[in-house]
Structures are given as C-alpha cells and as structure tokens.
Amino acid sequence: MTPGPAGKGPAIEVSDLVKRFHADGPTALDHVMTAMAHGRITGLVGPDGAGKTTLLRTLAGLLRPTSGSVRILGLDPFTQGDLLRDQIGYMPQKFGLYEDLTVLENLTLYADLRNVTGAERQRSFEKMLAFTNLEPFTGRFAAKLSGGMKQKLGLACSLLGTPRVLLLDEPGVGVDPISRRELWRMVRELAQGGMTVVWSTAYLDEAELCDDVRLMNQGQVMASGPPQTLLGQMRGRCFHLVNIAGHRRDVLQRALRAPEVMDGVIQGANVRLVLREAGQRPDLAQLEAGPGAAMVEVAPHLEDAFISLLGGGPGGDSALAEFMPQVELDPRIDPRAVIEARQLTKRFGEFAATDDVSFKVAKGEVFGLLGPNGAGKSTTFKMECGLLKPSEGQALVMGIDLKSSPSEARQRLGYMAQKFSLYAQLTVRKNLVFFSGVYGLEGELQQVKIQEMVEAFALAPFMDTLTGELPLGFKQRLALACAVMHEPQVIFLDEPTSGVDPVTRREFWTHINGLAQKGVTVMVTTHFMDEAEYCDRIGLVYRGKLIALGTPDELKQGVATPEHPNPTMEDAFIELVTEADR
C-alpha cells in the first residue's frame with residue numbers, strides 16, 4: 001500500500017487521540033480530534049505544556065498513543081511506519097543536529113539516515129543549500145552557526161528525500177525577525193508546491209501567518225480555523241489608550257485592575273487594552289491617564305483571541321515587586337547612568353564583535369538591546385554584566401568599572417541567562433538555596449528570601465521536583481527568582497521569555513514593570529518585537545555597531561514612509577538593518 005494522492009481526503013487525521021506518559025499521570029493529549037488539509041500550513045498554537053510537542057511527536061510516529069488513532073496520508077505511522085518514513089520530515093524543538101559536524105557533514109549524515117544516495121543526493125544537497133542560502137557555509141561547524149542559520153540547516157536536513165508532510169516544532173524560537181521572515185518565506189514556498197506543513201509555535205504573531213490554526217491548552221484543541229475567522233469574536237474589544245500623561249506602566253497597572261479590562265500591554269507610547277465585552281469600557285478618570293487620553297479602536301490580533309479563550313491575562317500587579325524595596329542610589333551615582341557603555345569594544349582575533357558602542361541607562365529605565373543573531377548584541381550584553389572583559393572602552397554598573405572591580409559590581413546586579421542556567425539535576429529547593437548562597441544570603445535572611453520567591457512565583461508545588469523536569473514557564477520563573485532574591489538594583493535579562501506562551505510572557509513583564517516602578521534598572525534582550533515595545537528605549541546593534549538608539553516610537557517613526565505610515569516594530573527592525581547594509 002502506498003500513500004494516497006494529495007487532495008483525496010485530509011493529509012492528517014487525528015481521531016479521539018489520548019496520550020498519558022504514566023497510567024496515573026496527567027493527560028498530555030485529551031481526546032484530540034482534528035484534520036489538516038493537503039498543501040496548507042497549519043499552526044499548533046498554545047502555552048508551554050499545552051500538548052503541541054506531544055502531538056507532533058505522535059504524528060511523526062515517535063510516541064505511541066494511549067488510545068485513539070492517527071492517519072498521515074491515509075496510513076497509520078505505527079503499523080505502516082516503513083511506508084511513511086520517507087514521506088514525513090520532522091524538525092524537533094531542540095536543535096537536533098550535531099554541533100561538532102560541519103554543515104555538509106550534517107547533511108551527509110541525514111542523507112544516509114533517509115537513504116538519499118548517488119545522483120539524487122547531490123541534487124538534493126545543491127537544492128537545499130541554494131534554498132537555505134547555506135552554500136557559502138558548508139565547511140562551518142554547526143556550533144558556529146547563528147540561531148537563524150541553525151534553524152535553516154535543521155529545515156534542510158528535514159527536507160532531504162522530498163517529504164510530503166513537514167512537522168516543525170517551534171522553529172522560530174530564539175531566531176531574530178529577519179531570519180524568522182526568511183524561514184517563513186521558505187516554508188510558504190514549500191506549501192505552495194503542495195507540501196503539508198504543521199508549524200508549532202508559542203508566538204501568536206507567527207500563527208497569524210498560517211492558513212489554519214489549532215489553539216491548544218491542557219492537551220485539548222480549544223478552537224480551530226483560519227486566523228481571520230478566530231479574530232471575529234474580538235472585534236469591538238481591542239483599543240489603544242492614546243495621549244497618555246504620566247508613565248505608561250502606571251496607567252497599564254491601573255487599567256488591568258478595571259473589571260472591564262481582560263488584558264493589556266504597552267505598545268510604544270500607547271497602552272493596548274482588550275475588553276471583556278464589546279461596548280463596556282473602563283472609566284478613563286479612574287485610569288488617571290491624563291485629560292487628553294482617549295480610547296481608539298484597533299484591529300484585533302490572534303493573541304487577543306487566545307488570551308480571551310484562556311479567560312484573560314495575569315493582571316497588572318507583581319507579587320515579586322511587593323517583596324522588593326524601593327531603590328535608593330548612593331548620592332555619588334549618576335541616576336542617568338546606572339548602566340553605561342563607553343566606547344565599548346570586544347575583539348576576537350581580528351574580528352570586532354562589539355565596535356565602539358556607547359549608551360547610558362537611567363535609574364528605573366527598561367532598556368532593550370536588540371539585534372539579529374550574530375550581530376554583537378549578546379557580546380555587548382555580556383560585557384555590561386561582567387561575563388566578558390572588553391578589549392577597549394568601559395562597561396560600568398552604578399559607576400563601577402566591571403573590568404577592574406567585577407566582584408563588587410556583580411553583588412549589586414541580577415542576571416538571568418539566555419539559555420536556562422540553573423542546575424537541572426538539583427531540585428527547585430536546592431537551586432534556590434545554592435543561588436541565594438552565591439549572592440551572600442545566609443541564615444534567617446536566606447530562608448525569608450527563599451520563602452518570598454516561592455510565594456511570588458507560585459513554586460510551592462514544585463519544591464522537591466528536579467529542575468530539569470519543570471515545564472519551561474516554571475523553569476523561567478525559577479531562573480528569575482534566583483536572579484533577584486538578593487534584591488539587586490540592576491537586572492540583566494537575556495531573552496527571558498524565549499519560547500514561553502503569551503500569558504507567561506505577560507506575567508514576566510508585569511514583574512519587570514513592577515521592578516522598574518521600584519527604581520530597579522533593567523536591561524533586556526529579546527527577539528520578540530511586540531515585547532520590545534514595552535521598553536522605555538531601545539538600542540539596536542548590527543555588525544558590532546549601535547545603529548539606532550531611541551524610544552520604540554522614535555525607531556518606528558524613523559522608517560515611516562508615505563506608502564507605509566504606520567510601521568510595526570518588526571518593520572522598523574528589518575528596515576534599520578537593511579538600511580545599515582545599504
């Protein structure tokens with residue numbers, strides 16, 4: 001029996017699918033019923049732990065269901081796997097390639113595994129290298145590739161043998177907007193050629209690009225259909241609060257306390273609000289947004305629909321900020337330069353990863369450091385928090401030069417790494433004890449601070465769980481708890497919400513906003529452009545240079561044209577980088 005032709009019935013059928021990993025454990029997939037059409041991109045969208053990866057691994061034949069059935073191209077992946085193996089391409093969530101092999105060696109290995117040989121192999125390599133623009137990098141080790149290039153190589157390997165169904169598990173995580181757009185261009189081209197694509201993502205802006213979406217939560221498909229259909233329920237409920245007097249963070253916090261408001265985020269100079277019911281607006285006087293403040297209706301996003309399905313966002317009050325003291329700087333410290341880069345340069349041999357970068361970050365400011373993968377953003381960030389020594393120039397925190405007095409500066413700052421940096425084989429309790437000790441906490445004070453973090457981040461049910469077994473959202477909560485329990489006056493957050501769902505992302509930003517209100521100075525990196533809008537100012541690094549510095553609105557206005565008068569932050573990012581290339 002061979003797979004049926006495209007167009008006769010759905011490409012993928014899932015019927016009453018149940019998956020439990022332990023007989024008495026939680027249900028990872030709970031009676032899932034869905035079908036996906038040939039030649040379309042279907043997005044699996046949902047928070048961490050929603051069941052997206054479990055469903056993809058089941059479709060790929062890597063997990064056997066507890067009950068129910070799966071059909072791919074009319075075949076059962078468990079009883080007819082040999083017939084399907086060459087028809088399915090699968091790209092896992094974590095980089096599944098070999099970092100100590102070159103680009104070409106990885107392609108060769110995957111060609112061997114998929115039995116692509118002889119002239120067909122050579123044709124496939126030439127096609128994939130041209131398709132992904134990796135031809136100049138065939139001799140480069142995978143470990144040396146940028147995040148975007150790694151994802152392109154993973155995609156190329158999954159496409160060897162010309163599969164008819166492509167399963168992609170969060171390919172956009174940790175990838176800058178330019179690389180993510182390039183990935184979408186390639187996948188869209190594949191779908192137009194007749195390939196069926198399932199794209200798992202926690203990014204709702206990505207999901208809007210899909211032909212169809214399945215919104216998942218707690219192992220169930222909560223809603224399905226084209227993105228525009230799902231947006232219909234949100235019309236008349238999404239607004240910008242404009243002409244705000246005072247700080248946007250304070251206005252947002254008050255708005256999220258209003259019973260009429262379901263969700264809200266900062267968007268440049270405005271605050272974006274989502275109402276629980278159309279026509280029921282909050283009292284602007286109670287929001288204290290200023291005499292000129294007004295609500296202007298805007299188009300809904302898929303993220304609004306998703307958060308509505310979950311019952312709303314997490315609110316605007318930070319339990320973490322309640323435990324943090326108001327920051328009082330030493331009078332000798334310039335409050336306009338709590339973090340400062342002075343002609344900061346870092347060379348690796350002849351290559352300047354950071355080249356003559358200067359900026360200042362004020363007390364209580366949230367400063368976003370953005371840039372494409374490999375542009376020098378992370379190198380600049382690591383010098384500013386004392387993890388790398390500058391080749392030239394100075395990185396200062398509260399007036400302390402990190403090159404000459406790194407230990408003194410580190411005791412006053414908190415740091416949350418891009419890649420989860422806690423000890424996976426220790427329990428949550430032991431990680432909290434260890435990191436509080438590293439920051440000099442001991443005795444009764446140590447116990448008090450640990451208990452405060454447990455309360456602030458709802459960690460009590462997980463205290464004796466191995467950290468490596470936590471869902472991603474709770475891993476990130478624990479990492480932030482370990483970074484702030486010594487009450488730092490400056491916090492460095494390196495992609496703190498990469499891969500987490502919108503509700504967890506809002507929770508993180510509620511904490512960040514709450515800390516900033518207490519006078520804590522925050523430097524954050526992100527590839528999520530809507531998130532960049534939450535920052536007070538943004539520095540954009542490209543090819544080691546600081547190519548733009550200003551508020552989110554200033555950066556957007558700087559690229560506006562008569563043909564495109566209202567660019568998004570992603571548009572601004574891509575245009576500024578493209579302009580620098582020109």
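Predicted model, so just to flag it, every value in this text is computed and none were measured. Positions are given from 1, in the same order as the sequence printed here. Below, each value reflects all heavy atoms present in this structure, side chains not excepted, and no hydrogens, waters or symmetry copies.
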Discussion item. Holding to ring pair (Phe, Tyr, Trp, His ring centres under 6.0 Å), I want the full list of residues that pass it with Phe367, two or more places apart in sequence or in another chain.
Written reply: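 In terms of ring pair (Phe, Tyr, Trp, His ring centres under 6.0 Å), with neighbours along the sequence ignored, Phe367 is linked to Phe359.
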Item to complete: Not counting sequence neighbours, which residues clear ring pair (Phe, Tyr, Trp, His ring centres under 6.0 Å) with Phe239? List them please.
Response: none
Worksheet item: When you look at Thr380 and Thr354, which way does the side-chain hydrogen bond (donor to acceptor under 3.5 Å, both in side chains) test go after all the steps?
Response: CA-CA 6 Å; Thr380 304; Thr354 298; 2.9 Å; yes
Is the [atom1] atom of [X] crowded by more than 12 outside heavy atoms at less than 6.0 Å?
X: Lys518; atom1: NZ; value: yes
X: Arg257; atom1: CZ; value: yes
X: Gln326; atom1: CD; value: yes
X: Gln343; atom1: CD; value: no
X: Gln517; atom1: CD; value: yes
X: Lys382; atom1: NZ; value: no
X: Lys403; atom1: NZ; value: yes

Looking at [Y], is its backbone amide N or carbonyl O close enough to the side chain of [X] to form a donor-acceptor pair, meaning the two atoms are under 3.5 Å apart?
X: Thr510; Y: Gly316; answer: no
X: Asp304; Y: Pro300; answer: no
X: Lys52; Y: Gly46; answer: yes

Discussion item. I'd like to know if the side chain of Thr526 pairs up with that of Glu495 as donor and acceptor (distance under 3.5 Å, no hydrogens or angles considered).
Written reply: no
Practice prompt. Assess the side chains of Thr497 and Gln476: does a donor N or O sit below 3.5 Å from an acceptor N or O?
Written response: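 Looking only at side-chain atoms, Gln476 and Thr497 do not form any donor-acceptor pair under 3.5 Å.
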Discussion item. Suppose we screen for side-chain hydrogen bond (donor to acceptor under 3.5 Å, both in side chains). Which residues come up paired with Glu170, at least two apart in sequence or across chains?
Written reply: none
Worksheet entry | Sequence-distant partners of Glu392, side-chain hydrogen bond (donor to acceptor under 3.5 Å, both in side chains), two or more places apart |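 side-chain hydrogen bond (donor to acceptor under 3.5 Å, both in side chains) check on Glu392 returns Arg347.
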Worksheet entry | Euclidean distance, Arg412 CZ relative to His486 NE2, rounded to 0.5 Å |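 So the gap between those two atoms works out to 11.5 Å.
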Practice prompt. First locate atom CG of Leu344, then atom OG of Ser358, and finally report the distance between them rounded to the nearest 0.5 Å.
Written response: 8.0 Å
In plain terms, say whether [X] and [Y] are close enough for a salt bridge, that is, a side-chain N and a carboxylate O under 4.0 Å apart.
X: Arg181; Y: Asp571; result: yes
X: Glu554; Y: Arg537; result: no
X: Asp356; Y: Lys545; result: no

Response to the item:
The side chain to side chain contact (heavy atoms under 4.5 Å, CB included) partner of Ile266 among Arg272, Glu531, Arg249, Glu533 is Arg249
Discussion item. Between Gln253 and Asp317, is the side-chain hydrogen bond (donor to acceptor under 3.5 Å, both in side chains) condition met? List the steps.
Written reply: CA-CA 7 Å; Gln253 186 177 46; Asp317 295 300; 3.1 Å; yes
Discussion item. Tell me whether the rings of Phe492 and Phe381 are parallel (<30°), tilted (30 to 60°) or perpendicular (>60°).
Written reply: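 If you compare the ring of Phe492 with that of Phe381, the planes turn out perpendicular.
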Fill in: Aromatic plane relationship, Phe435 with Tyr423 - under 30° parallel, 30 to 60° tilted, over 60° perpendicular
tilted
Worksheet item: Partners of Arg237 by salt bridge (Lys or Arg N to Asp or Glu O under 4.0 Å), sequence neighbours excluded?
Response: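 Counting only residues at least two positions away or on another chain, Arg237 forms no salt bridge (Lys or Arg N to Asp or Glu O under 4.0 Å).
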Worksheet item: ring-ring contact (aromatic ring centres under 6.0 Å, His included): which pairs involve residues 300-336, sequence neighbours left out?
Response: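 ring-ring contact (aromatic ring centres under 6.0 Å, His included) check on residues 300-336 returns no pairs.
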Worksheet item: Between Ala245 and Val251, which heavy-atom pair has the shortest distance, and what is it?
Response: O-CG2, 4.4 Å
Practice prompt. Report yes if some heavy atom in the side chain of Glu340 is under 4.5 Å from a heavy atom in the side chain of Asp334; otherwise report no.
Written response: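 A side-chain contact is absent here, since even the closest heavy-atom pair is not under 4.5 Å.
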Fill in: Any Val428 side-chain heavy atom under 4.5 Å of Asp464 side chain
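They are not in contact (no side-chain heavy atoms under 4.5 Å apart), so the answer is no.
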Item to complete: List the steps, then state whether salt bridge (charged side-chain N to carboxylate O under 4.0 Å, His left out) holds for Arg248 with Asp536.
Response: CA-CA 9 Å; Arg248 305 160 302 161; Asp536 296 308; 3.0 Å; yes
Worksheet item: Is the NZ or CZ atom of Arg477 both under 6.0 Å from the centre of the six-membered ring of Phe474 and within 45° of that ring's axis?
Response: yes
